[in-house]
Enquirer: 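The structure under discussion is supplied below as structure tokens; questions concerning it will follow.
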Amino acid sequence: MGHGELRGVVALDGPSGTGKSSAARRLAAGLGARYLDTGAMYRAVTLAVLRAGVDLADPAGVAKVARDAVLVQGTDPNRSTTFLDGEDVGTEIRGPEVTLAVSPVSAVPEVRAQLVAEQRRIIAEALAEAGGIVVEGRDIGTAVVPDAPLKVYLTADAEARAQRRAKQDSASGRQSTLDATLADVQRRDTYDSTRAVSPLRAAGDAVVLDTTSLDLAGTLAALMDLVGDHGLLAQPSGRVHG
Ligand SMILES: Nc1ncnc2c1ncn2[C@@H]1O[C@H](COP(=O)(O)OP(=O)(O)OP(=O)(O)O)[C@@H](O)[C@H]1O
Ligand SMILES: Nc1ccn([C@H]2C[C@H](O)[C@@H](COP(=O)(O)O)O2)c(=O)n1
């Protein structure tokens with residue numbers, strides 16, 4: 001991209017299928033920054049809960065699994081990795097079982113407290129090592145990094161998001177109807193935005209970017225402009241990013 005290097009935190013929030021992961025990864029890679037997929041962390045804890053056979057309606061049991069799980073989330077934008085108890089679970093956490101169960105697990109306050117603390121630790125480390133990080137999720141601007149110098153809230157019509165997700169599922173060999181995908185997107189939107197702790201919502205000072213009629217390149221260009229407008233670009237330092 002040749003735009004310079006990111007300095008500081010870009011917080012990217014929004015509902016499912018708005019393009020957060022795709023755009024955040026590319027933005028970070030283009031700006032020599034780290035990338036943190038916080039949804040992957042909630043998904044990994046959910047996988048641990050499912051494997052342990054704990055009832056999703058048992059918050060104390062879910063919280064215990066979260067405490068015991070050894071979770072390592074990588075920050076390389078070119079290869080975002082998620083390890084659970086030493087096992088690479090990057091593919092399994094995208095499956096339908098985890099997608100169905102992740103909202104109730106991520107609504108458990110102890111799970112959120114634990115993962116938010118770990119996310120803040122990862123972000124501090126990335127800032128010290130690379131100078132900049134793009135963090136995406138549901139509560140980054142409101143709870144994880146409320147003082148981030150740039151917060152963007154991505155939106156898009158539910159139908160457009162369901163179409164994107166169905167296309168993505170079919171490309172990765174998962175078959176689903178558009179109706180079922182739309183229902184899943186809407187179910188997660190409702191659950192994530194009505195939970196008691198850190199519900200999905202735009203921070204008061206977030207820039208709202210509607211991606212309904214944008215393609216990925218358009219979304220990325222808009223984000224790049226916002227990073228520049230907020231004075232978050234520095235000349236390349238020549239340091240090696242890991
Ligand atoms: N304007 C756009 N901006 C970003 N991604 C887009 C756009 N249009 C289509 N897409 C595609 O939408 C799909 C879903 O994007 P992505 O997985 O990044 O969304 P997300 O917001 O991270 O969803 P989730 O929160 O469920 O993980 C991807 O295949 C992406 O390429
Ligand atoms: N900061 C976050 C990130 C994610 N979640 C929850 C809610 C989502 O439905 C789920 C999966 O996220 P995705 O991988 O689809 O981005 O995880 C959250 O509560 N807070």
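Remember, it's 1-based here, ligands and their atoms both numbered in the order they're listed. Every value quoted in this text rests on a predicted model; they were computed, and no experiment measured them.
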Enquirer: Does the side chain of I122 come within less than 4.5 Å of T75's, by heavy atoms?
Expert: yes

Enquirer: Just checking, any donor-acceptor pair under 3.5 angstrom between side chains of T177 and D179?
Expert: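 Short answer, no.
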
Enquirer: Do you see a donor-acceptor pair shorter than 3.5 Å between the side chains of E136 and T38?
Expert: no

Enquirer: Counting only nitrogen or oxygen atoms and a 3.5 angstrom limit, does E136 reach ligand 1?
Expert: no

Enquirer: Look at atom 29 (O) of ligand 1 and say which protein heavy atom is nearest, naming residue and atom and giving the distance to 0.1 Å.
Expert: Q168 NE2, 3.4 Å

Enquirer: Counting both backbone and side chain atoms, is some N or O of R43 under 3.5 Å from an N or O of ligand 1?
Expert: no

Enquirer: Looking at ligand 1, does R161 have a heavy atom less than 4.0 Å from it?
Expert: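 False for this residue.
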
Enquirer: Heavy atom under 4.0 Å from ligand 1: found in L216's side chain, backbone, both, or neither?
Expert: both

Enquirer: Any heavy atom of A156 sitting closer than 4.0 Å to ligand 1?
Expert: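 In this structure, A156 fails to qualify as a contact of ligand 1 - no heavy atom is under 4.0 Å.
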
Enquirer: Please examine the side chains of K64 and V62, heavy atoms only from C-beta on, and report whether any two atoms are closer than 4.5 Å.
Expert: no

Enquirer: Out of curiosity, is G17 lining ligand 1, as in a heavy atom under 4.0 Å away?
Expert: yes

Enquirer: Under 3.5 Å, is there a donor-acceptor pair linking the side chains of R164 and T211?
Expert: yes

Enquirer: Taking side chain as C-beta onward, heavy atoms only, is R112 less than 4.5 Å from Y42?
Expert: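 R112 reaches Y42 side chain to side chain.
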
Enquirer: Have D37 and S80 got a donor and an acceptor in their side chains that come within less than 3.5 Å?
Expert: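 D37 vs S80: no donor-acceptor pair found between side chains.
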
Enquirer: Contact between V135 and L12 at the side-chain level, heavy atoms closer than 4.5 Å - yes or no?
Expert: no

Enquirer: Backbone, side chain, both or neither: what part of D215 comes under 4.0 angstrom of ligand 1, heavy atoms only?
Expert: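 It is the backbone that touches ligand 1; the side chain stays farther off.
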
Enquirer: Which residue supplies the protein heavy atom nearest to atom 13 (C) of ligand 1, what is that atom called, and how far is it?
Expert: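 Checked against all protein heavy atoms, atom 13 (C) of ligand 1 sits closest to R164 CB, 3.8 Å.
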
Enquirer: Can you spot which of T181, L182, L178 makes a side-chain contact (heavy atoms from CB on, under 4.5 Å) with R165?
Expert: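 Passing option: T181.
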
Enquirer: For ligand 1, is there an N or O atom under 3.5 Å from any N or O atom of L214?
Expert: yes

Enquirer: Do L200 and Y153 touch side chain to side chain, with heavy atoms closer than 4.5 Å?
Expert: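 SC-SC contact between L200 and Y153 confirmed.
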
Enquirer: For residues L233 and R7, determine if any side-chain heavy atom of one lies less than 4.5 Å from a side-chain heavy atom of the other.
Expert: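 Contact flag for L233/R7 side chains = no.
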
Enquirer: Would R94 count as a polar contact of ligand 1, with the cut-off being nitrogen or oxygen pairs under 3.5 Å?
Expert: no

Enquirer: Report every pair formed by an N or O atom of ligand 2 and a protein N or O atom separated by less than 3.5 Å, giving atom names and the distance to 0.1 Å.
Expert:
unit_1: ligand 2; atom_1: 1 (N); unit_2: T38; atom_2: OG1; d: 3.0
unit_1: ligand 2; atom_1: 1 (N); unit_2: R138; atom_2: N; d: 3.1
unit_1: ligand 2; atom_1: 1 (N); unit_2: D139; atom_2: OD1; d: 2.8
unit_1: ligand 2; atom_1: 9 (O); unit_2: R188; atom_2: NH1; d: 2.9
unit_1: ligand 2; atom_1: 9 (O); unit_2: D192; atom_2: OD2; d: 2.7
unit_1: ligand 2; atom_1: 14 (O); unit_2: R43; atom_2: NE; d: 2.7
unit_1: ligand 2; atom_1: 15 (O); unit_2: R43; atom_2: NH2; d: 3.1
unit_1: ligand 2; atom_1: 15 (O); unit_2: R138; atom_2: NH2; d: 3.3
unit_1: ligand 2; atom_1: 15 (O); unit_2: R188; atom_2: NH1; d: 2.8
unit_1: ligand 2; atom_1: 16 (O); unit_2: R138; atom_2: NH1; d: 3.0
unit_1: ligand 2; atom_1: 19 (O); unit_2: R112; atom_2: NH1; d: 2.7
unit_1: ligand 2; atom_1: 19 (O); unit_2: R112; atom_2: NH2; d: 3.3
unit_1: ligand 2; atom_1: 19 (O); unit_2: R195; atom_2: NH1; d: 2.7
unit_1: ligand 2; atom_1: 19 (O); unit_2: R195; atom_2: NH2; d: 3.1
unit_1: ligand 2; atom_1: 20 (N); unit_2: R112; atom_2: NH2; d: 3.0

Enquirer: I need the nearest protein heavy-atom contact for atom 26 (O) of ligand 1: residue, atom name and distance, please.
Expert: R165 NH2, 2.5 Å

Enquirer: Is ligand 1 less than 4.0 angstrom away from at least one heavy atom of R188?
Expert: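 Yes; R188 lies near enough to ligand 1 that a heavy-atom distance drops under 4.0 Å.
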
Enquirer: Can you tell me which residue and heavy atom of the protein come closest to atom 30 (C) of ligand 1, and the distance to 0.1 Å?
Expert: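 Checked against all protein heavy atoms, atom 30 (C) of ligand 1 sits closest to S22 OG, 3.4 Å.
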
Enquirer: Any idea which atoms of ligand 1 are less than 4.0 Å away from a heavy-atom of S21?
Expert: 18 (O), 20 (P), 22 (O), 27 (O)

Enquirer: Answer yes or no: is there a side-chain heavy-atom contact under 4.5 Å between T99 and R43?
Expert: yes

